[in-house]
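As structure tokens, the structure follows; a few thoughts come after it.
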2 protein chains.
Amino acid sequence: MKSQPKSIACELCVSRKFSLFAGVSDQHLCHITDNKNFISHKKGQILFYEGTKPMGIFCINEGIVKVFKTASNGKEQIIRLAQKGDFLGYTSLLGEESYSSSATIVEDAKICFIPRESFLKVLSDDTAFHQRVTKAICNDLGIMEEKLTDATQKSIRERLAFTLLKLSETYGIDGQEGQKIDIVLTREEIAGLVGTATETVIRLLSEFKKDELIDFEGKKIIVLDKKGLARLSDFYG
Amino acid sequence: MKSQPKSIACELCVSRKFSLFAGVSDQHLCHITDNKNFISHKKGQILFYEGTKPMGIFCINEGIVKVFKTASNGKEQIIRLAQKGDFLGYTSLLGEESYSSSATIVEDAKICFIPRESFLKVLSDDTAFHQRVTKAICNDLGIMEEKLTDATQKSIRERLAFTLLKLSETYGIDGQEGQKIDIVLTREEIAGLVGTATETVIRLLSEFKKDELIDFEGKKIIVLDKKGLARLSDFYG
DNA sequence: TTAAAAAGCTGACACATATCAGCTTTTTCA
DNA sequence: TGAAAAAGCTGATATGTGTCAGCTTTTTAA
């Protein structure tokens, strides 16, 4: 959790090219480099808690972070999984409110913290950047509308199938037999992603395996039959 | 659906004071007034369909509009109810994508359509306005995260109780016995708001009535016991 | 005014999913 | 290395909610 010696300059950061910072001028990038804080995080560490005040934004250089809300029954609803190039906490910062969700490390991560003022300065100086940020947030809103609709109108089986497809899109690497979802998630985390109970995920996953839609390789899931999962994820499919 | 003679100038529009346009300079407002289109809509009319391209934004002067997604089972998930001063369709416009949801009139409405170029011009000229828009979108994202978590982790009874409380906050008018939710929604629409089946809403509402939490006055709902509903809407409350 | 359509309501029923409990396996860390 | 903790798994059970069907009441519009 302490600042590392091997900080990466934004100008040279490879992950930046996948991020909203792609296209920002070197001058602005230097300003950020001078003010940011590079920190290595281990799996399980907490980035921020729901309800606390954002002092800046986080930018992922490497690793995976889960963003989640804790429901009143104690269960975690995972809002999204963030990876290299993704920003964290900027919606709460720009919304001028406390963090609406918490964030913890799922896979060891290197993350830069950019203080509020530096971020806001670039945002106000670089109109094109502000526009890209606005666009990204609007797209996220569309995604959330979709998620809400799925949550209320689809069955758990459908949502789990859909979640597996999405995971394989993002983290899938091709192998000889199907596509491996190259990220380690506990059954509880998958449940948090889908919005259901852990036991239900366990049961449905072993059902999917029995039906030869998926297979397990260690803690990782292999998607054997994308079309089958797609059929399942649709209504009455 | 045709342009009306009695168009209102933005500078003089009372609803504007509750909107994101509050604070925009008269010069910009005039520019919008010159380019906008004022249209009266009757209950049931459609403003836009999910999947079509936004050509501008809608600004509500009067009336109520429901924004919803149609799920693959044909049911409507209502994302939000919009009223005077609210913008519609701007997230899709700014996200440079098709409408992520549809919108229809719930109560007779007067709505201005502001063409894409006019809106974007004000957005780029007036930085403070852009900031307010960004802030509003970020706040909406936080709300959607909350809704998603509620949808997956709370029971229908809890969500209905919560929905009634929210409706009474927004549309409530005080009477001698409790607060009247002064908006006519069908049971089906309440179901769409909660994310459940119409029959379930009917059953739960009559249960709430039996428990003297609410009462009916014509097609409108009277909230008799806010605290009782609040207790119900919490987990195991 | 009246027929048709929409909305509201109720009962019966099925079942997907949450919960609880107990167990095994894997992982963690002292 | 070995004990404790976490994760994974399975079975039994309860129940909330969706679905279907049929009916009444209200609203709409011809």
Side-chain angles (χ1 to χ4, degrees), chain A residues 42-45 71-77 104-108 150-161 163 183-210 214-221 232-233 235-237, chain B residues 42-45 71-77 104-108 150-161 163 183-210 214-221 232-233 235-237:
Chain A
K42 287 276 169 202
K43 179 176 180 166
Q45 285 185 333
S72 39
N73 61 358
K75 287 190 185 168
E76 289 180 3
Q77 174 64 42
T104 70
I105 312 298
V106 169
E107 283 192 2
D108 291 1
D150 283 355
T152 60
Q153 306 294 353
K154 288 190 167 182
S155 70
I156 305 287
R157 173 180 279 102
E158 290 171 316
R159 277 148 59 194
L160 178 59
T163 300
I183 170 181
V184 174
L185 294 171
T186 64
R187 302 299 192 234
E188 194 176 357
E189 281 168 333
I190 297 175
L193 228 30
V194 175
T196 185
T198 309
E199 296 92 327
T200 304
V201 167
I202 291 170
R203 275 184 257 265
L204 286 175
L205 281 181
S206 59
E207 185 189 311
F208 287 0
K209 183 182 173 180
K210 202 191 65 195
I214 61 170
D215 200 356
F216 302 133
E217 186 184 302
K219 305 217 71 166
K220 289 175 182 167
I221 295 172
L232 254 190
S233 72
F235 219 81
Y236 296 141
Chain B
K42 287 275 169 202
K43 178 175 180 168
Q45 286 186 333
S72 40
N73 61 357
K75 288 192 185 166
E76 289 181 1
Q77 173 63 44
T104 71
I105 312 297
V106 169
E107 285 193 1
D108 291 1
D150 283 354
T152 61
Q153 306 295 352
K154 287 189 167 182
S155 70
I156 304 288
R157 173 180 279 102
E158 290 171 316
R159 277 148 59 193
L160 178 59
T163 300
I183 171 181
V184 175
L185 294 170
T186 65
R187 302 299 192 237
E188 194 175 357
E189 282 168 332
I190 297 175
L193 227 31
V194 175
T196 185
T198 308
E199 295 93 327
T200 304
V201 167
I202 291 170
R203 274 185 257 264
L204 287 174
L205 280 182
S206 60
E207 186 189 312
F208 287 0
K209 182 182 173 180
K210 203 191 64 194
I214 62 171
D215 200 356
F216 303 132
E217 187 184 302
K219 304 216 71 165
K220 290 175 180 168
I221 295 171
L232 255 189
S233 72
F235 220 80
Y236 295 142

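The chains referred to below are lettered A, B, ... by the order of the sequence lines, with proteins before strands, and numbering in each begins at 1. None of the values given here were measured: they were computed from a predicted structure.
- At the heavy-atom level, B:Ile156 lies under 4.0 Å from the strands shown only through sugar-phosphate atoms.
- In this structure, CD of A:Glu207 is placed 10 Å from P of C:dT17, rounded to the nearest angstrom.
- Put simply, A:Arg157 has no side-chain N or O that comes within less than 4.0 Å of OP1 or OP2 on C:dA16.
- Looking at the side chain of A:Thr186, the nearest of the listed nucleotides C:dC9, D:dG8, C:dT19 is D:dG8.
- Proximity note for A:Ile202 (side chain, C-beta onward) versus C:dC9, D:dG8, D:dC20: the nearest is D:dG8.
- For the pair A:Ile190 CD1 and D:dC9 C1', the interatomic distance rounds to 14 Å; values are reported in whole Å.
- Checking D:dG8, C:dA21, C:dC9 against the side-chain heavy atoms of A:Glu199 singles out C:dA21 as nearest.
- If you check D:dT10, D:dT19, C:dT19 against the side chain of B:Lys75, the one that comes closest is D:dT19.
- Closest to the A:Ala197 side chain, of the nucleotides C:dT19, C:dT10, C:dT17, is C:dT19.
- For the pair B:Phe216 CZ and C:dC9 C1', the computed distance is 11 Å after rounding to whole Å.
- At a threshold of 4.0 angstrom between heavy atoms, the contacts of B:Thr198 with the nucleic acid are absent.
- For B:Lys42 and D:dA29, the NZ to C1' distance is 15 Å, given to the nearest whole Å.
- Toward the 5' end of DNA chain C, the nearer of the two residues A:Thr196 and A:Lys219, judged by each one's closest nucleotide, is A:Thr196.
- In this structure, NZ of A:Lys210 is placed 15 Å from C1' of D:dC9, rounded to the nearest angstrom.
- A donor-acceptor contact under 3.5 Å is formed by the side chain of A:Arg203 with the base of D:dG11.
- Counting non-hydrogen atoms under 4.0 angstrom, B:Lys43 reaches nothing in the nucleic acid.
- Enclosure of atom CD in B:Glu107 by more than 12 non-hydrogen atoms of other residues, nucleotides or ligands within 6.0 angstrom is indicated.
- Side-chain proximity of A:Thr200 to D:dT17, C:dA18, D:dG8: nearest is C:dA18.
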